[in-house]
Protein chains: 2
Amino acid sequence: MQRNLVVKQLLNGKNKHFTAEDLYDEMKFKKKNISLATIYNTLHSFVEKKILKLVSVKEGKAIFCTNMNNHYHFFNRKTGKLIDIPYEKIKIKNLPKPPKGTKIDNIEITINLNTKN
Amino acid sequence: MQRNLVVKQLLNGKNKHFTAEDLYDEMKFKKKNISLATIYNTLHSFVEKKILKLVSVKEGKAIFCTNMNNHYHFFNRKTGKLIDIPYEKIKIKNLPKPPKGTKIDNIEITINLNTKN
DNA sequence: ATTTGTGCAAATACTTTGCATTTTT
DNA sequence: AAAAATGCAAAGTATTTGCACAAAT
């Protein structure tokens with residue numbers, strides 16, 4: 001059953017952050033038979049079940065994340081990789097009030113990095 | 001000349017945030033002849049020239065922005081709309097140090113909103 | 001036997017590329 | 001007449017849909 005292959009790969013993996021295609025390539029490497037469509041569908045069902053987070057979209061690709069704790073990210077444009085920043089590491093003062101009829105769901109912070117000189 | 005049509009639409013517009021397709025639809029409505037490819041190419045050339053910002057990607061679509069000041073955003077998932085938050089409105093304490101060999105380019109903050117039941 | 005879940009080919013959505021044509025120098 | 005800019009059809013990616021089949025109730 002293909003859905004279990006995905007679970008297995010996620011559990012064993014150091015894959016904190018990955019795209020659907022990352023997973024697809026790992027599967028191919030391991031000679032497991034699964035289509036990209038199934039990987040997408042599986043990942044999205046996991047997001048609904050709150051097993052995974054869809055953290056953000058960089059360079060046109062959705063990035064999924066196994067760290068379910070509230071946290072922020074560094075993003076290295078050069079390598080295309082995200083690095084977690086624990087929630088406590090960034091403190092925010094003066095949050096603006098949300099517009100009428102809405103409430104804050106969550107706060108995303110991404111610190112974009114460049115290579116030093 | 002199609003590139004000027006884009007400029008005109010941007011200037012007259014209350015379009016603080018828009019996708020390439022938003023612009024395409026406005027053009028069609030005004031019976032202006034321009035292809036989506038040209039709109040994409042024009043917008044990206046404006047980003048290079050620092051006339052526009054490519055602010056983020058929501059729901060798989062690139063969102064462009066005419067506000068060139070440093071600022072943050074509310075994002076209303078329900079409506080798909082971004083609302084600017086001026087830079088001074090959010091103060092951050094304790095920024096973590098960037099990883100070795102990198103420096104901070106910029107900080108993106110998105111406050112995701114839900115409808116208040 | 002009806003409902004729910006699974007897997008993926010095909011369809012769609014978003015964006016970029018390559019190149020013919022026009023404009024500028 | 002060479003170089004730069006323009007416009008877009010066609011190509012290229014990323015993702016979702018629709019449906020045949022399987023498993024569970």
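Reminder, nothing fancy here: chain letters follow the sequence lines and each chain counts from 1.
Ring geometry for H71(A) versus H17(A): interplanar angle of 30 to 60°, hence tilted.
Nucleotide dC14(C) holds its P atom 15 Å from the CG atom of L23(B), rounded to whole Å. Distance, Y24(B) OH to dT16(C) P: 17 Å, rounded to whole Å. The separation between D22(B) atom CG and dT15(C) atom C1' is 15 Å, rounded to whole Å. One can place CE of M27(B) at 14 Å from C1' of dC8(D), the figure rounded to the nearest angstrom. Separating the CD1 atom of I39(A) from the P atom of dA9(C) is a distance of 12 Å, rounded to the nearest angstrom. If you measure from atom CG of L43(A) to atom P of dC8(C), you get 14 Å, rounded to the nearest angstrom. The interatomic distance linking K28(A) (NZ) with dC8(C) (C1') rounds to 15 Å, in whole Å.
Geometric assessment of K50(B) against the ring of F46(B) yields a negative cation-pi assignment under the 6.0 Å and 45° thresholds. The side-chain tip of K81(A) does not point at the ring of F75(A) from less than 6.0 angstrom away and within 45° of straight on. Geometrically, K91(A) engages Y87(A) in a cation-pi contact defined by less than 6.0 Å to the ring centre and at most 45° from the axis.
Annotation for K78(A): atom NZ does not count as buried by contact number, only 12 or fewer foreign heavy atoms lying within 6.0 Å.
Side chains of T42(B) and S45(B): a donor-acceptor N/O pair is absent below 3.5 angstrom, by distance only.
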Between protein and nucleotides 9-16 of chain D, what N or O pairs are separated by less than 3.5 Å?
from, atom 1, to, atom 2, distance (Å)
dA14(D), OP1, K61(A), NZ, 3.3
dA14(D), OP2, E21(A), OE1, 3.3
dA14(D), O3', G60(A), O, 3.1
dT15(D), OP1, A62(A), N, 2.8
dT15(D), OP2, Y40(A), OH, 2.2
dT15(D), O5', Y40(A), OH, 3.2
dT16(D), OP2, H44(A), ND1, 3.3

